Participant: 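Here it is, the structure in full.
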Number of protein chains: 2
Amino acid sequence: MSTAASRRRPATIHDVAREAGVSRGTVSRVLNGGHYVSPAAKAAVDAAIRRTGYVVNRHARSLITGKSDSVAFLLTEPQERFFEDPNFNVLLRACTQALADRDIPLILMIAGTEDERRRNLRYIEAGHVDGVLLVSSHSGDPVVARLHEAGVPVVACGKPLGQTTRIGYVAADDRDGAREMVRHLYATGRRRIATVTGPLDTPGGVERLAGYRETLAECGLPADEDLVVTGDYSRASGAEAARTLLARAPDTDAVFVASDLMAQGVLDALARTGRRVPEDIAVGGFDDSPAALSSQPPLTTIRQPWDRISAEMVRTLLARIAGEDPATVILPTELVVRDSA
Amino acid sequence: MSTAASRRRPATIHDVAREAGVSRGTVSRVLNGGHYVSPAAKAAVDAAIRRTGYVVNRHARSLITGKSDSVAFLLTEPQERFFEDPNFNVLLRACTQALADRDIPLILMIAGTEDERRRNLRYIEAGHVDGVLLVSSHSGDPVVARLHEAGVPVVACGKPLGQTTRIGYVAADDRDGAREMVRHLYATGRRRIATVTGPLDTPGGVERLAGYRETLAECGLPADEDLVVTGDYSRASGAEAARTLLARAPDTDAVFVASDLMAQGVLDALARTGRRVPEDIAVGGFDDSPAALSSQPPLTTIRQPWDRISAEMVRTLLARIAGEDPATVILPTELVVRDSA
DNA sequence: CATGCATCTGTGAGCGTTCACAGTAGAGAA
DNA sequence: TTCTCTACTGTGAACGCTCACAGATGCATG
């Protein structure tokens, strides 16, 4: 036997209409913008809604409109990254908020495995959500194509790589952020500047590396492939990369690391070899994650405007749902100077 | 103009019925368990479903059943905690997964402010979700009472404090975890064992402190209130608490900190005063968060079984929705010995 | 004074399901 | 044979909403 209070039958649009002394149609119009409704009728309906505690039944509405008034936040990353990377949190939270402001629920979907991917696609393709906020950085992700094919509005976070289909996305200016950091390292007198890149099948990996290369050239420094090591965004891979780097080019005096988490790994490895940061070697990170503050020493890094990214993702997705063309939004990054460089 | 492929009209139960040469009713019965359906009819319907790519329209179903087949994950915490605390991530992820296994979408709701709280309650009370996974640790949270009053099935994460209403919850055995840690500190020879508690309006704060006190008594150590300092689970508060502690009782040789994050703060403060961990002073944390591994030195801590907690939350919520009484589930914790104690 | 137009209002149909009910067929019991 | 019971199937009526349409009113225009 349930101990919960019994739920009363909730008020319907009929109840409100009767209470306000108007017809269903008028109540419906008030609910949907209030056009073609006299001020008196609107006032009566508003009052009736307040008295009855009426809330629209979204299922009934959705059944007829064919829209669900909800969007999915779809994460197609291996599990670990979700947890190690604090960016996801910020993104998820800000998207939830931006949607909540418009009274649109966010449905969280995590597709780490092939099986989960299938299940989520099935759900989305069935039209159960109006659009998808896609967080998936790996190139050749079949999800993007499938969603596009199904005609589901999608906005990606970060440029989707290796896609032939045109799809809207919002991204930080990775390339310019990398440029800014390398310029900073150069400006503080460093001349043997290495980099630890992210995976090269991710836009962040590719673009930040490109920015690094461009700036080296711009500063007249030689392009030395010994100075480029690839990581996978994990802390461990950062440490590993630092060891590789030190073995290859012991005279490295600065390293631009494509994520704060990897930068922490780099700092660990550097500390173990007895090098002082920033005296012996400068370290620059990327992301301005919480980890950047708690590392020893605090990390000079590039801040990504996650709040704005989320807000823009939601805005462009809703525009896309409303029928606009896919849009691309690139947002500026910001250099945050702390002690490590 | 939209560049997206046009969506075809999705198949309805009618289409499937025609295709299979049976009636709507029979298709519906197949969809809902297949009782009272002949094997031949079932096979025909299954084939027709496959051919047409039919997926039920959840809105139509929900409209008539009055169930939404979705669950809310409601977080009523100030924003910062959500991000600083990695437990939330694990919890969220595992709940999403456990629900996905049953084909139930999770709707993420974050209610940091009063305004958001109101909005989310409104949504839930309107019956848009079948139940709520509640993550809210502060006592006297009005949300709990409101949800109970509305008759919405709820399962909380952690014991809801200061509630007169009986509500189901799933929690780790905080008290026993604390006991285990303090016993470990005692067993390694510590005799002036202090504690940094969590906020005392949270179950974790209260229970872990109780476990600490019990074990002190059990070991025959005097209860010295100078050794008890309260934090707020943040890293900064840990550092602050450590300074207070050292000033009050410089002879402290061990400290049980009620969260890993605060323990990191404690380690920071200790390092600043030149004390060695664990030689001069042992530090025990709680949570076994990723931070525990990356701290210097790696933290001895208490692991909470988040996977099991999530699974149990989902299981008991679904049972509650199905009409069972509220249940309480307490899961055991585990001592993880690393270098700090 | 008729006509047109803009503003407002009510009505009926229908969205895709489930559910209750009526009905059929076949097996076994009386 | 007739009756009962079980297994199965089809049909109409909802569920609560929106949308198209028809009708009504008031005001400016010809």
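Note that the coordinates shown come from a computational prediction; the quantities given were computed from them, not determined experimentally. Throughout, protein chains are lettered first and strands after them, A, B, ... in sequence-line order, and every chain is numbered starting at 1.
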Participant: B:S23 side chain N/O closer than 4.0 Å to the phosphate oxygens (OP1, OP2) of D:dG10?
Facilitator: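 Checking D:dG10 against B:S23, a side-chain N or O does come within under 4.0 Å of OP1 or OP2.
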Participant: Is the shortest heavy-atom distance from the side chain of B:Y169 to the side chain of B:P160 under 4.5 Å?
Facilitator: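 They are in side-chain contact.
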Participant: B:H35 has an atom NE2; how far is it from atom P of D:dT9, in whole Å?
Facilitator: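 Atom-to-atom, B:H35 to D:dT9, this comes out as 14 Å.
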Participant: Can you tell me how far C1' of D:dT9 sits from CZ of B:R24, to the nearest Å?
Facilitator: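 Interatomic distance, CZ of B:R24 to C1' of D:dT9: 12 Å.
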Participant: So, is A:N57 near the phosphate of D:dC15, with a side-chain N or O under 4.0 Å from OP1 or OP2?
Facilitator: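 For D:dC15, neither OP1 nor OP2 has a side-chain N or O of A:N57 closer than 4.0 Å.
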Participant: Flag the pair A:E149 and A:R146 as a salt bridge only when some basic side-chain nitrogen lies within less than 4.0 angstrom of an acidic carboxylate oxygen.
Facilitator: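 A:R146 and A:E149: not salt-bridged.
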Participant: Are B:M313 and B:I309 side-chain neighbours, meaning at least one heavy-atom pair lies under 4.5 Å?
Facilitator: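 In short, these two side chains touch, coming nearer than 4.5 Å.
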Participant: Would you indicate whether the side-chain heavy atoms of B:F73 and B:V135 approach each other to under 4.5 Å?
Facilitator: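 The answer is yes, as the side chains (C-beta and beyond) meet within the 4.5 Å cut-off.
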Participant: Judged by each residue's nearest nucleotide on DNA chain C, which is more toward the 5′ side, A:G25 or A:P39?
Facilitator: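 With A:P39 and A:G25 compared, the 5'-side residue is A:P39.
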Participant: Tell me, with the steps shown, if A:S68 and A:D130 meet side chain to side chain donor-acceptor pair (under 3.5 Å).
Facilitator: CA-CA 6 Å; A:S68 72; A:D130 292 341; 3.3 Å; yes
Participant: Check the distance between D:dA20's C1' and A:Y36's OH and give it to me in whole angstrom.
Facilitator: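 So the two atoms are 14 Å apart, to the nearest Å.
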Participant: When all nucleic acid strands are considered with a 4.0 Å heavy-atom cut-off, which category describes A:R58: base, sugar-phosphate, or nothing?
Facilitator: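 The residue A:R58 makes no contact with any strand.
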Participant: NZ of B:K67 versus P of D:dC15: gap in Å, rounded?
Facilitator: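 Nearest whole value for this atom pair: 18 Å.
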Participant: Does a side-chain N or O of A:T12 approach OP1 or OP2 of D:dC15 to a distance below 4.0 Å, or not?
Facilitator: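 False: A:T12 side-chain N/O out of range (4.0 Å or more) of D:dC15 OP1/OP2.
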Participant: In whole Å, I'd like the distance from the CZ atom of B:R18 to the P atom of D:dG10.
Facilitator: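 Answer to the nearest Å: 14 Å.
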Participant: Please lay out, stage by stage, how A:R51 and A:D15 fare under the test salt bridge (charged side-chain N to carboxylate O under 4.0 Å, His left out).
Facilitator: CA-CA 10 Å; A:R51 275 201 302 276; A:D15 301 327; over 6 Å; no
Participant: Can you check whether A:S28 has a side-chain N or O nearer than 4.0 Å to OP1 or OP2 of D:dC17?
Facilitator: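 Result: no.
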Participant: Output the rounded distance in Å from CZ (A:R61) to P (D:dC19).
Facilitator: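 Rounded to the whole Å, the gap is 9 Å.
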Participant: Starting from P on D:dT9, measure out to CD1 on B:I13 and report it in whole angstrom.
Facilitator: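 The answer, rounded to whole Å, is 14 Å.
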Participant: Find the distance B:H128:NE2 to D:dC15:C1' and express it as a whole number of Å.
Facilitator: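 Rounded to whole Å, this separation is 15 Å.
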Participant: For DNA chain C, which nucleotides open and close the run of contacts to chain A, 5' to 3', at under 4.0 angstrom from a non-hydrogen atom?
Facilitator: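 Contacts span C:dT7 to C:dG16, reading 5' to 3'.
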Participant: Can B:D103 and B:R58 be counted as an ion pair, charged N to O under 4.0 angstrom?
Facilitator: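 Salt bridge: yes.
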